[in-house]
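The next block holds one structure in the form of structure tokens; read it before the comments.
Positions are given from 1, in the same order as the sequence printed here. Every value quoted in this text rests on a predicted model; they were computed, and no experiment measured them.
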Amino acid sequence: MKQIILISIVLTAFLISCNKEKRFSKRLQKGETWLVQEIKIDGVAQSIKGEWKITSDTDIYEEVPQLTWQAQDTLDAVLEWQFQDKGKTFVLNYFITCDNCDGEDLDALDYFAFEISGKYDVEQHKRKEMKFISKALPNSDAVVEISIERIE
């Protein structure tokens with residue numbers, strides 16, 4: 001009997017912890033568009049902004065969700081995203097969409113997205129606004145801040 005109670009408690013704790021990440025992920029729903037308000041690298045505002053269009057559902061247990069970043073009419077990049085650590089961190093990874101890409105097939109946004117890929121601390125997570133600050137970027141030691149706002 002004690003074992004059943006212990007297993008129930010452990011299983012409940014596991015499900016509750018997973019639900020926090022799912023709850024945070026539901027804020028970025030398929031079909032939504034988020035305006036990239038500002039990106040700062042080491043305190044310097046960058047000119048690349050644009051929109052993040054959430055292109056896949058947020059069932060974090062079946063696949064890694066994706067977004068399409070569109071900027072300046074002709075630039076676009078695909079990124080995978082995921083909330084982790086019960087919503088305290090946000091992971092953003094550039095996703096190469098072609099198997100045999102060479103440097104001429106990629107645009108400036110592809111390179112920029114690759115440079116800012118990595119793990120971020122979630123500084124703000126509201127229904128219409130989010131802010132992330134870099135925690136560990138594999139391609140750079142710079143501090144990157146990303147602020148986004150949901151477009152109604």
Over all atoms of both residues, closest heavy-atom pair of Gln46 and Val44: NE2-O, 2.9 Å

Output the rest of the hydrophobic cluster of Val78: all Ile, Leu, Val, Met, Phe, Trp and Tyr residues reachable through side-chain heavy-atom contacts under 4.5 Å, sorted by chain and number. Phe95

At their closest point, which heavy atom of Trp34 faces which heavy atom of Arg127, and how far apart are they? CH2-O, 3.4 Å

Identify all side-chain donor-acceptor contacts of residues 114-123 below 3.5 Å with residues at least two apart in sequence or on another chain.
unit_1	atom_1	unit_2	atom_2	d
Ser117	OG	Tyr94	N	2.8
Ser117	OG	Ala113	O	2.8
Tyr120	OH	Ile116	O	2.5

Salt-bridge present (Lys131, Glu145; N to O < 4.0 Å): yes

Is there a side-chain contact between Gln82 and Glu80 in this structure, where contact means two heavy atoms from C-beta onward sitting under 4.5 Å apart? no

Quick check: His125 with Phe90 (ring centres under 6.0 Å apart)? no

For the student: nearest non-hydrogen atoms of Leu109 and Ala77, plus distance: CD2-N, 3.9 Å

Do we see a donor-acceptor contact under 3.5 Å between the side chains of Gln70 and Glu51? no

Hey, are the side chains of Asp110 and Asp107 touching, using non-hydrogen atoms and a 4.5 Å cut-off? yes

Here's a test for you: under side chain to side chain contact (heavy atoms under 4.5 Å, CB included), which of Leu92, Thr55, Thr68, Val91 qualifies with Leu79? Leu92

Residues two or more places apart in sequence or in another chain: which of them pass salt bridge (charged side-chain N to carboxylate O under 4.0 Å, His left out) with Lys128? Glu152

